[in-house]
Amino acid sequence: MKIILRIMFSIAFLLVAFFGLGPVLFADGTAGERIVTLVVVIMIFILLYILYKWAIKKSRN
């Protein structure tokens with residue numbers, strides 16, 4: 001069960017990195033739009049990390 005969780009969260013992190021950081025690095029918007037996008041992407045990373053830690057803790061029981 002734990003390996004499935006790790007695979008799912010790895011895929012989720014890669015998708016967020018690809019689709020979230022791509023617009024931050026390569027978009028032609030203003031600096032303000034890029035910063036807002038970066039903040040949102042970082043918040044999504046933090047949320048995913050918290051969910052990952054919670055799911056791994058629950059799977060041990």
Side-chain angles (χ1 to χ4, degrees):
M1 178 67 178
K2 200 182 312 185
I3 192 108
I4 294 171
L5 282 173
R6 289 182 186 198
I7 290 170
M8 286 183 1
F9 276 100
S10 295
I11 291 170
F13 275 108
L14 287 172
L15 287 173
V16 170
F18 182 74
F19 290 110
L21 294 179
V24 172
L25 297 174
F26 302 117
D28 58 348
T30 64
E33 292 173 349
R34 287 183 177 193
I35 291 173
V36 170
T37 305
L38 180 62
V39 169
V40 170
V41 169
I42 289 172
M43 289 177 15
I44 292 171
F45 273 126
I46 292 170
L47 178 65
L48 268 176
Y49 181 73
I50 292 169
L51 287 174
Y52 170 73
K53 286 297 187 181
W54 177 79
I56 291 297
K57 186 187 289 187
K58 284 290 193 179
S59 71
R60 288 183 184 164
N61 296 336

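Each residue takes its place number in the sequence, starting with 1.
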Student: Between Tyr52 and Phe9, what is the ring plane arrangement, given parallel below 30°, perpendicular above 60°, and tilted in between?
Tutor: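 The arrangement is perpendicular - the two ring planes meet at more than 60°.
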
Student: Do Ile56 and Ile50 land in one hydrophobic cluster if side-chain heavy atoms of ILVMFWY residues count as linked below 4.5 Å?
Tutor: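 Linked within one cluster.
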
Student: Other than Leu25, what residues sit in its cluster of Ile, Leu, Val, Met, Phe, Trp and Tyr side chains whose heavy atoms are under 4.5 Å apart, directly or through others?
Tutor: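 Leu25 shares its hydrophobic cluster with Phe26.
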
Student: Let me have the donor-acceptor pairs involving side chains of residues 30-40, under 3.5 Å, with sequence neighbours excluded, atom names and distances please.
Tutor:
from	atom 1	to	atom 2	distance (Å)
Thr30	OG1	Glu33	N	3.4
Glu33	OE1	Thr30	N	3.3
Arg34	NE	Ala27	O	3.2
Arg34	NH2	Ala27	O	2.1
Thr37	OG1	Glu33	O	2.8

Student: Taking atom OG of Ser59 and atom CD1 of Ile3, what is their separation to the nearest 0.5 Å?
Tutor: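 Between Ser59 OG and Ile3 CD1, I get 11.5 Å after rounding to 0.5 Å.
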
Student: Side-chain heavy atoms nearer than 4.5 Å, only ILVMFWY residues, links allowed to pass through others: does that put Ile7 and Leu14 together?
Tutor: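 Result: no, two separate clusters.
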
Student: Quick one: CG on Leu51 to CH2 on Trp54, what's the gap to the nearest 0.5 Å?
Tutor: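 CH2 of Trp54 is found 8.0 Å from CG of Leu51.
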
Student: Can you tell me which residue among Leu21, Ile11, Val41 is in a side-chain contact (heavy atoms from CB on, under 4.5 Å) with Val16?
Tutor: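 Among Leu21, Ile11, Val41, the one meeting side-chain contact (heavy atoms from CB on, under 4.5 Å) with Val16 is Val41.
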
